[in-house]
Participant: 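Take a look at the following structure, please.
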Amino acid sequence: MAPPTPRLVVSVDLKKKPWEQALPLHNRWHPEIPPVAHVKVSEVFRVEMVDWTGSVIKDDDSAADVKFIDLSTVHYLSGPIRVVDKNETPAMPGDLLAVEICNLGPLPGDEWGYTATFDRENGGGFLTDHFPCATKAIWYFEGIYAYSPHIPGVRFPGLTHPGIIGTAPSMELLNIWNEREREVEENGHKSLKLCEVLHSRPLANLPSTKGCHLGKIKKGTAEWEKIAKEAARTIPGRENGGNCDIKNLSRGSKIYLPVFVEGANLSTGDMHFSQGDGEVSFCGAIEMSGFLELKCEIIRGGMKEYLTPMGPTPLHVNPIFEIGPVEPRFSEWLVFEGISVDESGRQHFLDASVAYKRAVLNAIDYLSKFGYSKEQVYLLLSCCPCEGRISGIVDAPNAVATLAIPTAIFDQDIRPKAGKVPIGPRLVRKPDVLRCSYDGNLPTTKNPAASM
């Protein structure tokens, strides 16, 4: 007998706001956010989700929605989902929750997405000191392929995946998160040299009642006020998984998540049609609405058995991810190297972030020689299936990072050749990304040797 159709446990209506859904969405991590659905192990179930902004970003001809977005509201997650075994016994703290991705994709009738950079005064991005303006590119899907009228001459298959999948933290773990992130926020500018290179981005996003949505918990109640002041933002990945943005977590992948609360309280969202390693523009994948079809298993006592704490408590563990067998196949790549020397020529000691920044900047400047604006390349490298690597992390003083770009995604040959870069009508890319003006006054980093 054929297996049953996956049971729809969380549905969304894209015409409604996240908090108006039949099963209200949430945008914080907290152990007391109640589950909206229950599933049993071995059951294949379907979860639908809005894009991470809750449909704030539109398929239109303006980047104003990106410039003025309220980032206190993101990410909108579907769930939490309580997981029990065949005897109705819930997953318990100390267990591992094995979550298999059986299928996924865009919601039918909503086959489009977007990539963007936030205004430097409102979120920024990895290269915000070079690209301070809010920009946006729209992508349309043709089966497994994506193309954009704002970045012409490029077409590639997507490796679709959820940017966020995670379990609820315990109260003890939540307190650990808030304490350590508050310390970074309060003292980071004094001690973290990287802030001088990636300056003006928030060092952490601490709990805030502004923009907070807690699923079934009614806003304005005493319970809501208490939890909203404690609940963690969804921006970074943490011990519970969360916003890890691992592009290879696609069909056939399995995620082994630590369980910190009874029932695990699994949540997911932030669906991506495609993403480059690092998601460098911050709003950097091809963001979309979508669905996941999942199957869960409970590994009793799995945290202690398989995960070694990297910190002072048994809660300082991290998930394990098993990559699926499905991915785009490319045979030729152009690889750009970066070292831990910043644009001013200053040496940083084995700093992989500075090295990766250099690799991305080198790729942007190179590809801009082939008829693209630098903003187009920045967005492209954030969402195309490029591969980022830490190639060297031991040879003092330079960390070496690389960024590999599949050459087949372009409709022209981008490899170096004898003579000058070719010119001609096919190389002139008149359309550009949608763009807003930058109205702030923070200094912009320039590379004096880069082409304009």
Side-chain angles (χ1 to χ4, degrees), residues 71 115-118 120 123-132 163 177 180-181 183-205 233 235-239 242-248 275-285 310-311 318 335-367 374 377-384 386-405 442-447 449-450:
L71 291 177
T115 307
T117 57
F118 293 121
R120 191 169 175 193
F126 187 52
L127 305 181
T128 190
D129 53 330
H130 286 259
F131 298 95
W177 292 353
R180 74 189 185 199
E181 291 174 21
E183 196 279 332
V184 168
E185 179 72 16
E186 292 174 354
N187 300 310
H189 284 292
K190 304 172 186 176
S191 59
L192 300 178
K193 295 298 183 184
L194 186 59
C195 300
E196 302 170 15
V197 181
L198 307 178
H199 49 82
S200 84
R201 293 207 60 200
L203 297 184
N205 294 273
R233 296 296 307 276
I235 303 300
R238 300 185 180 92
E239 285 86 348
N243 193 25
C244 295
D245 287 318
I246 300 173
K247 74 173 192 290
N248 298 89
Q275 181 201 298
D277 283 335
E279 199 184 11
V280 289
S281 77
F282 187 25
C283 188
M310 293 295 167
N318 295 101
V335 181
F336 295 86
E337 179 184 301
I339 60 175
S340 51
V341 176
D342 66 28
E343 299 89 300
S344 72
R346 184 164 54 129
Q347 180 76 62
H348 295 257
F349 183 74
L350 295 180
D351 195 317
S353 293
V354 173
Y356 197 60
K357 186 185 183 195
R358 280 287 306 276
V360 176
L361 287 170
N362 288 338
I364 289 173
D365 201 62
Y366 178 90
L367 291 173
K374 292 187 177 183
V377 182
Y378 184 26
L379 292 187
L380 177 63
L381 296 182
S382 197
C383 69
C384 77
C386 55
E387 301 279 349
R389 297 285 187 273
I390 298 176
S391 300
I393 203 68
V394 295
D395 298 317
N398 277 336
V400 177
T402 54
L403 179 66
I405 303 169
L442 292 170
T444 299
T445 299
K446 299 290 185 181
N447 179 0

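Keep in mind that this is a model prediction, so the values were computed, not measured.
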Participant: Once side chain to side chain contact (heavy atoms under 4.5 Å, CB included) is applied, do any residues pair with V400, and if so which ones, sequence neighbours excluded?
Facilitator: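 With sequence neighbours excluded, V400 shows a side chain to side chain contact (heavy atoms under 4.5 Å, CB included) to E337, I339, S391, given in chain and number order.
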Participant: Under 4.5 Å between any side-chain heavy atoms of E343 and H130, yes or no?
Facilitator: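 Yes. Closest side-chain heavy atoms under 4.5 Å.
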Participant: Any heavy-atom pair between the side chains of N398 and Q347 that's under 4.5 Å?
Facilitator: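 Yes - at least one pair of side-chain heavy atoms lies under 4.5 Å apart.
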Participant: How many angstroms lie between atom CZ of F126 and atom CG of L361, to the nearest 0.5 angstrom?
Facilitator: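 Answer for the CZ-CG pair, F126 versus L361, is 8.0 Å.
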Participant: Below 3.5 Å, can you tabulate the donor-acceptor pairs from side chains in residues 275-285 to any protein atom, sequence neighbours excluded?
Facilitator:
residue	atom	partner	partner atom	Å
Q275	OE1	H161	NE2	3.3
Q275	OE1	H272	ND1	3.1
Q275	NE2	D245	O	3.0
D277	OD1	K247	NZ	2.8
D277	OD2	K247	NZ	3.1
D277	OD2	G388	N	2.8
E279	OE2	G284	N	3.4
E279	OE2	A285	N	3.1
S281	OG	A116	O	2.8
S281	OG	S382	OG	3.2

Participant: Residues two or more places apart in sequence or in another chain: which of them pass side chain to side chain contact (heavy atoms under 4.5 Å, CB included) with R233?
Facilitator: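 Once residues adjacent in sequence are excluded, the partners of R233 under the side chain to side chain contact (heavy atoms under 4.5 Å, CB included) criterion are R28, V74, N205, I235.
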Participant: Report the residues that fulfil ring pair (Phe, Tyr, Trp, His ring centres under 6.0 Å) with F336, sequence neighbours left out, ordered by chain and then residue number.
Facilitator: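 Scan of F336 (ring pair (Phe, Tyr, Trp, His ring centres under 6.0 Å), adjacent residues dropped) gives Y366.
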Participant: Not counting sequence neighbours, which residues clear side chain to side chain contact (heavy atoms under 4.5 Å, CB included) with A399? List them please.
Facilitator: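 In terms of side chain to side chain contact (heavy atoms under 4.5 Å, CB included), with neighbours along the sequence ignored, A399 is linked to S340, A355, I393.
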Participant: Find the distance between CZ (R238) and CG (N318) and round it off to the nearest 0.5 Å.
Facilitator: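 Answer for the CZ-CG pair, R238 versus N318, is 12.5 Å.
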Participant: Kindly give the heavy-atom pair with the smallest separation between A404 and V335, and that separation in Å.
Facilitator: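 It is CB-CG2, 3.7 Å.
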Participant: Identify the two heavy atoms, one from Y378 and one from T128, that lie closest to each other, and give their separation to 0.1 Å.
Facilitator: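 That would be OH-N, 4.4 Å.
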Participant: Taking all non-hydrogen atoms of both residues into account, name the closest pair between C386 and L403 and its distance.
Facilitator: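 Result for this residue pair: SG-CD1, 3.8 Å.
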Participant: Going by heavy atoms in the side chains, are I364 and L127 under 4.5 Å from each other?
Facilitator: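 A side-chain contact exists here, since the closest heavy-atom pair is under 4.5 Å.
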Participant: Among all residues two or more places apart in sequence or in another chain, which pass the ring pair (Phe, Tyr, Trp, His ring centres under 6.0 Å) test with Y356?
Facilitator: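 Result, ring pair (Phe, Tyr, Trp, His ring centres under 6.0 Å) vs Y356: none returned.
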Participant: Could you grab the distance from atom OG1 of T445 to atom CG of D342, nearest 0.5 Å is fine?
Facilitator: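 CG of D342 is found 8.5 Å from OG1 of T445.
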Participant: Kindly compute the distance separating CG (L203) from CD (E183), expressed to the nearest 0.5 Å.
Facilitator: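 That separation rounds to 10.5 Å.
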Participant: Any heavy-atom pair between the side chains of R120 and D129 that's under 4.5 Å?
Facilitator: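 Yes - at least one pair of side-chain heavy atoms lies under 4.5 Å apart.
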Participant: Nearest heavy-atom pair of R358 and V341: which atoms, and what distance?
Facilitator: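 Looking at all heavy atoms of both residues, the closest pair is NH1-O, 2.8 Å.
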